[in-house]
2 protein chains.
Amino acid sequence: MSFSITEENYIKAIFHLQQGEGTVSTNELAAELHTKAASVTDMLKKLKTKKLLSYEKYKGVRLSGEGKKLALAIVRKHRLWEYFLVDTLQFGWDEVHEVAEELEHISSKKLVEKLDAFLGYPKFDPHGDPIPDSHGKMAVQQHINLIDLPVNKPAEVSGVGSQSTELLELLKHKHIGIGTRLEIKRKFSFDNSIEIKLKNQNAFTISQQLAQALFVKLM
Amino acid sequence: MSFSITEENYIKAIFHLQQGEGTVSTNELAAELHTKAASVTDMLKKLKTKKLLSYEKYKGVRLSGEGKKLALAIVRKHRLWEYFLVDTLQFGWDEVHEVAEELEHISSKKLVEKLDAFLGYPKFDPHGDPIPDSHGKMAVQQHINLIDLPVNKPAEVSGVGSQSTELLELLKHKHIGIGTRLEIKRKFSFDNSIEIKLKNQNAFTISQQLAQALFVKLM
DNA sequence: AATTATTTTTAGGTAAATCTAAAAATAATT
DNA sequence: AATTATTTTTAGATTTACCTAAAAATAATT
């Protein structure tokens with residue numbers, strides 16, 4: 001069975017909002033997809049007949065096994081293409097998301113497998129997110145939220161919590177990217193801001209919001 | 001201005017049927033696109049308002065300057081992706097068309113330019129068709145470098161890149177001259193040597209330097 | 001518990017791209 | 001030139017994905 005780009009985008013959005021388990025509401029989906037609740041209801045009925053999800057009126061929605069499988073296949077393509085764009089074509093890691101949103105809908109299975117092999121079966125994309133393998137399995141991220149990093153523990157930035165251009169702009173300005181080495185020097189409980197020190201640089205403070213948007217791995 | 005995949009496919013089909021000059025009929029287009037004449041008429045009206053073509057009722061269509069520009073951009077993407085699939089991902093040259101039909105609609109201009117650079121600005125795709133450059137110019141085919149000849153395409157030696165006695169000595173020894181019929185059986189990326197087969201003879205390999213000094217025309 | 005607020009669904013409509021069937025224009029043939 | 005055949009266009013429907021506005025269900029608050 002094959003699915004339209006729109007259908008695939010719904011499945012992907014539900015997968016992201018579901019995160020592990022739980023149920024997703026119509027309004028949440030409408031917001032995520034920049035559409036209206038009425039449109040979402042229509043599409044959920046349709047996707048239900050295609051057995052990609054379970055849906056009861058007013059009860060929210062969750063992906064079926066089939067739905068999860070499809071979602072993982074799309075995520076796999078998205079992240080492999082991001083890896084390709086950065087690693088092979090020398091894109092900046094902050095400019096690949098939009099392009100990958102288009103490339104993830106290319107249907108050829110053989111293409112995905114050959115691309116994966118060419119890239120050397122990478123396990124994480126340029127934002128630090130794990131790439132599902134051809135069976136849908138992905139590596140567990142030993143990433144912790146920067147806000148939870150203990151003071152004076154050296155760590156390396158390994159992922160970002162969102163792809164918003166606003167966040168990427170701020171990170172660029174602060175010279176923070178995937179792979180940046182840093183440690184926390186102080187935590188201020190007044191506003192939950194933290195003072196961090198990048199390797200070979202002076203310390204500066206960042207907001208709680210920014211810290212929560214960054215993931216690091218201990219070294 | 002941006003165009004739907006369907007619109008792009010119409011423009012591409014008209015471009016192919018037009019071939020150089022001339023006008024394209026509604027029925028020809030319907031056949032090419034596996035659709036019905038009535039649908040074609042509708043779309044032609046629409047594309048006319050977008051100034052991609054000139055169209056008068058019952059008189060057929062031809063692309064405008066803008067239309068040709070768009071067609072060349074799509075052809076460029078199609079052929080670059082085909083080259084990528086064969087050259088980088090090791091697809092067979094006979095299995096890339098369908099995939100390229102999807103990839104040619106990816107919109108990012110930056111992606112196309114970076115892909116072109118990564119591939120080394122190839123001039124011909126794996127089928128021997130010329131790849132338009134970023135300005136829409138493409139090489140004229142009847143005199144291509146042997147190094148750019150696709151595998152298994154019969155060709156005839158039509159020129160040499162130098163008149164040095166060293167080259168001519170080598171050519172004499174290999175029994176290669178103007179008018180010699182040959183085709184490439186394999187390309188070896190290790191040293192860019194190629195295995196060629198002369199008509200009615202066994203195959204043998206020649207160096208990159210020699211291949212670059214020979215021009216052939218497709219037959 | 002009753003009322004108010006929010007969320008979700010239904011009902012009815014629009015735009016894009018397609019279709020079939022019938023009408024109009026052009027081309028071919030006697 | 002008149003008739004027949006072919007091509008092309010119009011007219012009216014269908015499907016997908018979306019919308020607005022109103023109704024129905026659920027949740028929150030007094």
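We name chains A, B, ... by the order of the sequence lines, and we start the count at 1 in each one. For clarity, every value in this text was computed on a predicted model and none was experimentally measured.
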So, is A:Tyr10 near the phosphate of D:dT16, with a side-chain N or O under 4.0 Å from OP1 or OP2?
-> no

Which whole-number value in Å describes the distance from A:Leu44 CG to D:dC18 C1'?
-> 14 Å

Stepwise side chain to side chain contact (heavy atoms under 4.5 Å, CB included) test for A:His105 and A:Glu8 | CA-CA 8 Å; A:His105 301 294; A:Glu8 290 196 352; 2.6 Å; yes

Looking at B:Ser25, does any N or O in its side chain come under 4.0 Å of the phosphate oxygens OP1/OP2 on D:dT7?
-> no

Does A:Lys36 place a side-chain N or O at less than 4.0 Å from the phosphate oxygens OP1/OP2 of C:dT8?
-> no

From CD of A:Glu8 across to P of D:dT16 the rounded distance in Å is 16 Å

Kindly say whether B:Tyr55 contributes a backbone atom to a donor-acceptor pair with the side chain of B:Lys48 at under 3.5 angstrom?
-> yes

Side-chain H-bond candidate by donor/acceptor type, A:Ser107 with B:Glu102, under 3.5 Å | yes

Protein-nucleotide distance (A:Lys48, atom NZ; C:dT8, atom P), rounded to Å = 16 Å

Among A:Ile74, A:Val24, A:Leu72, the one residue meeting side chain to side chain contact (heavy atoms under 4.5 Å, CB included) with A:Phe15 | A:Leu72

Please give, in whole Å, the distance from D:dT8 C1' to B:Asp42 CG?
-> 12 Å

Pairing partner of C:dA2 (Watson-Crick or G-U wobble, both distances under 3.5 Å) = D:dT29

A:His127 and A:Glu82 side chains, donor-acceptor separation under 3.5 Å = yes

Nucleotide nearest A:Thr35 (side chain, heavy atoms from C-beta), chosen from C:dT18, C:dT8, D:dC18 | D:dC18

Quick one: is B:Ser39 getting a side-chain N or O under 4.0 Å of the C:dT18 phosphate, OP1 or OP2?
-> no

Earlier contact from the 5' end, DNA chain D, for A:Glu7 and B:Glu56 | B:Glu56

Among D:dT9, D:dC19, C:dT18, which is the nearest nucleotide to the side chain of B:Thr41?
-> D:dT9

Shortest non-hydrogen contact from A:Ala100 toward A:Leu85 | N-CD1, 4.4 Å

May I ask you to evaluate whether B:Asn27 reaches the phosphate of D:dT8, defined as a side-chain N or O under 4.0 Å from OP1 or OP2?
-> yes

Restricting to nitrogen or oxygen on both sides, can you table the protein-nucleotides 24-28 of chain D pairs closer than 3.5 Å?
residue, atom, partner, partner atom, Å
D:dA25, O4', A:Tyr58, OH, 3.4

Side chains of A:Asn27 and A:Ser25, donor plus acceptor under 3.5 Å | no

Nucleotide nearest B:Ala38 when distance is taken to its side chain, options C:dT10, D:dT8, C:dA21 | C:dA21

